Asks: 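Sharing a structure here in structure tokens format.
Here is how names work: the chains are called A, B, and so on, in the same order as the sequence lines, proteins then strands, and each is numbered from 1. All values derive from a computational prediction rather than experimental measurement.
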4 protein chains.
Amino acid sequence: MKTEIVEKRKVRLKNGVLLTGLPGIGLIGQVVGRYLVEELGTKKVANLYSHHFPHQVFMTKKGSMRLIKNSIYEYKSPGAELLILVGDVQAMSSVGQYEVADQILEYAKKAGIGTIVTVGGYSTGKISEERRVFAVATHKDLAASFKKRGVIFGEAKGSIVGIAGLLPALGKLRGLKGICLMGETHGGYVDTVSARNIVKLLSDYFGIPIDLKRIDQRAKESEKMLKKIEEEIQKSMVVPYEAPKGVSYIR
Amino acid sequence: MKTEIVEKRKVRLKNGVLLTGLPGIGLIGQVVGRYLVEELGTKKVANLYSHHFPHQVFMTKKGSMRLIKNSIYEYKSPGAELLILVGDVQAMSSVGQYEVADQILEYAKKAGIGTIVTVGGYSTGKISEERRVFAVATHKDLAASFKKRGVIFGEAKGSIVGIAGLLPALGKLRGLKGICLMGETHGGYVDTVSARNIVKLLSDYFGIPIDLKRIDQRAKESEKMLKKIEEEIQKSMVVPYEAPKGVSYIR
Amino acid sequence: MKTEIVEKRKVRLKNGVLLTGLPGIGLIGQVVGRYLVEELGTKKVANLYSHHFPHQVFMTKKGSMRLIKNSIYEYKSPGAELLILVGDVQAMSSVGQYEVADQILEYAKKAGIGTIVTVGGYSTGKISEERRVFAVATHKDLAASFKKRGVIFGEAKGSIVGIAGLLPALGKLRGLKGICLMGETHGGYVDTVSARNIVKLLSDYFGIPIDLKRIDQRAKESEKMLKKIEEEIQKSMVVPYEAPKGVSYIR
Amino acid sequence: MKTEIVEKRKVRLKNGVLLTGLPGIGLIGQVVGRYLVEELGTKKVANLYSHHFPHQVFMTKKGSMRLIKNSIYEYKSPGAELLILVGDVQAMSSVGQYEVADQILEYAKKAGIGTIVTVGGYSTGKISEERRVFAVATHKDLAASFKKRGVIFGEAKGSIVGIAGLLPALGKLRGLKGICLMGETHGGYVDTVSARNIVKLLSDYFGIPIDLKRIDQRAKESEKMLKKIEEEIQKSMVVPYEAPKGVSYIR
């Protein structure tokens, strides 16, 4: 076994979009990906297994088991053709990351994907009121269409680690357009508020009605907890670990 | 050389069972596997070598040497067709674990295996009187047939590390049924008592008469030693290392 | 994806020289390589991508992104046919280093390269006025032509780590001539003075007019800073880290 | 590039012996191998390069450079047909060790090798007067012929790490006979005395006249130095590091 995408059903889109939400900074990608998969009534079309994932198997509550994997779900509406990639992990080595990205791109090309949108976090080391969305894109027209909706280009600095960067950058070599959306976040906590903003952005961008009730609720709770953490920190006057500013490690 | 199964004799079963007992938590798998191989009068049918095993060679008492390896033994009775996989080690990396599992499954398919039963330990961090048997299975009917004999499904939590989890989970992708039996154990000691229970369970399940005398003797001695360890610990009031509860690392 | 050289334009030279300047000791190779690429009005002919490079993507100031890579630039004058290899990184493992070197050599053979000149640093652990150029070469005639210009052979000791050593040594097995030029340097700082000397040497050797103004300016600033560092060290009487003398780790 | 044996001259023996002396415990293998290569007037027939060796190149005193490698030398007398494998290093990972061993065996089979004799050290953690020679062998007749000359079988315990164990053990799977000779040694020092004994043994065994003058001289000097070390240790009453007794790590 190597890295392998096992299809449950063949997908052939005309000009589809591949959206990825995998574990990384602030778990923003994973939270966004899973929320869309649940709220949009998607259907699973493929599983991705890899010898670069941990050699572990999860036990389920019902007494069954399953391999560690990534999965691809399909959503279709009159205006949008989406494949959404979510999963437990990213590959554990550089060789593995490139191999997995390569397999996904091969699959995407066959499935008729024209654009790749990856979601991650951009860590600032601060808990800020505002949660801006930063991005880098491979093509100007793609960037322009997101700029209109308030996404900020040219401010995020440093490098993007993992699939969120590799997929659009490698995709460009194969003729695909790509963008990496990064939700502003502290970096040390799961950030549902930042994830919620990106869900809203994607809902608007693709013209897909997504019910935000559940994630709004979770974002409020998360925000309360973060405020408490901040107050505790200021009371104790202990300086918290600061993630390096302006450098984005998405993984 | 890669991972390679060298056959001493071709095996063609109708609906065989592959049983694995390799080193892992509490050495339960290894103790069970070796006991069955010895007590059942099995015959070796294949050796498995891998470049993912340590680059070492064992010296024998007779002045010879042998490679680190896994071996497969055959047992046949009117009611049961078993292949038993035992060995010195498991592969040392994730890539190696998947490769070895893959080679075993390919061999198993050719040999006519329909079901995979792996044996491991489930660490609780406690030395408890009771030694329950937990399990996860890929198919409900397989689970049901073990439930009848007191095996507990749906209580074990976390992940299974190594071949004990990979074989049944990867096997399912190839149309095989699979179950992982986990003997309850502290996790920090070799647990012959828990291994003994699983030997008994397998003897009943497969309708194979297995003489338990030798393992009963060893289990008694092991139990005495564990009790002494426990008393020492309580006297000294030093808290021993506690393996994480409810998480099973089988390796 | 493995290691791959993506050509923008086919290059066919008669007896070309491949010059490499990648990150290593004192960043001398990288500084030399980039200066030549900029000053000589070269044209990019190929990019090299590898799964042995970090799984990261750089964000650009303009809001775009790019893969970590090495690049090859072409320079042609009546007297010289040069390919110049520069880049962000070297491969991260031994297996990766050999794979990347092998791909470069295959490309070089096809492109008509006859000689390989790699540039690196030779760390002495001292900040010395003088910045000699040491070298080792695969063929005597190649060595002789550099000796005439003051390059020192037979004094550098130890081993050369990375592409600066592998390329000429592996190239020899394929019938290419090769030399590794090493600028004398402390080893703990970027050394523009030493890099400047090698730029001058290459300008003379290849009979290529290279404007040294920019690098002279940077060398002066760098030298001032190093002198200050030295004075501070002597004032504080704290012994600085000394790189092992006579051993060259080019990486 | 992978692991590759580059032949300078084809070798076709009738029933040759492959003797290996690579770096390991007490450097005994390397000292024996190099001494034989020098004293016997051997000729180099092949070089072995591998991407599992360090990505380094050695600089030579004459201002040249060379890859890290293993080399094979041929010695022929009316009574003996020997290939001697010596080199700078062993492969750095388990996967690499198996790959290199495999390439050597393939070469050996083609060259007409029937027997493999590897040389290593057996560390006892003591500096003892006596330097016995321990061994393990794949075949009884081979063992018997060495027993006659005082080599001890069945006493060495534990495992042999690296090529000294892998070659004979993997060779057996391919129909070759093999023995690993281990010179008794402390384990923490280069042991020329123990190496000298094995040179003498091989000289007798193969009926090859080997001049022992040079190694006798070095052994005397080495013995003096070891005695001094021992005296110093006993004076200072500091307990030296003791290598684990009865376990042989040859590498």
Asks: So which of Ala135(A), Pro168(A), Ala137(A) has the biggest tally of heavy-atom pairs under 4.5 Å with chain C?
Replies: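 It is Ala137(A).
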Asks: Could you tell me which non-hydrogen atom of His55(C) sits nearest to which non-hydrogen atom of Ser94(A), and how far apart they are?
Replies: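 Closest heavy-atom pair between His55(C) and Ser94(A): N-OG, 3.0 Å.
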Asks: Chain C heavy atoms under 4.5 Å from Ala143(A): which part of the residue, side chain, backbone, both or neither?
Replies: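 Contact with chain C: none, neither part.
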Asks: Would you compute the distance between atom CZ of Arg66(C) and atom OG1 of Thr138(A) and round it to the nearest 0.5 angstrom?
Replies: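 It comes to 15.0 Å.
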Asks: Between atom OH of Tyr98(A) and atom CZ of Phe53(C), what is the distance when rounded to the nearest 0.5 Å?
Replies: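 Nearest 0.5 Å value for the OH-CZ distance: 8.0 Å.
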Asks: Is the number of heavy atoms from other residues, nucleotides or ligands within 6.0 Å of NZ (Lys110(A)) greater than 12?
Replies: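 Counting other residues, nucleotides and ligands, NZ of Lys110(A) stays at 12 neighbours or fewer.
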Asks: Which heavy atom in Val136(A) sits nearest to a heavy atom in Met65(C), and how many Å separate them?
Replies: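 Smallest heavy-atom distance, with atoms named: O-CE, 3.5 Å.
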Asks: Do Phe58(C) and Ile160(A) make a side-chain contact, defined as non-hydrogen atoms from C-beta onward lying under 4.5 Å apart?
Replies: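 Answer no - side chains too far apart.
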Asks: For Lys69(C), I'd like to know if atom NZ has over 12 heavy atoms of other residues, nucleotides or ligands within 6.0 Å.
Replies: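 Yes.
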Asks: Any idea which heavy atoms bring Leu67(C) and Leu166(A) closest together, and the distance?
Replies: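 Looking at all heavy atoms of both residues, the closest pair is CD2-CD2, 3.9 Å.
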Asks: To check you understand the geometry: which heavy-atom pair defines the closest contact between Met59(C) and Tyr122(A), and what is its length?
Replies: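 Heavy-atom minimum between the residues: CE-CE1, 4.0 Å.
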Asks: Would you check if Asn47(C) and Leu173(A) make a side-chain contact, meaning some heavy-atom pair closer than 4.5 Å?
Replies: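 Asn47(C) vs Leu173(A): side chains apart.
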Asks: Please flag which part of Ile179(A) lies under 4.5 Å from any non-hydrogen atom of chain C: side chain, backbone, both or neither.
Replies: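 The backbone, not the side chain.
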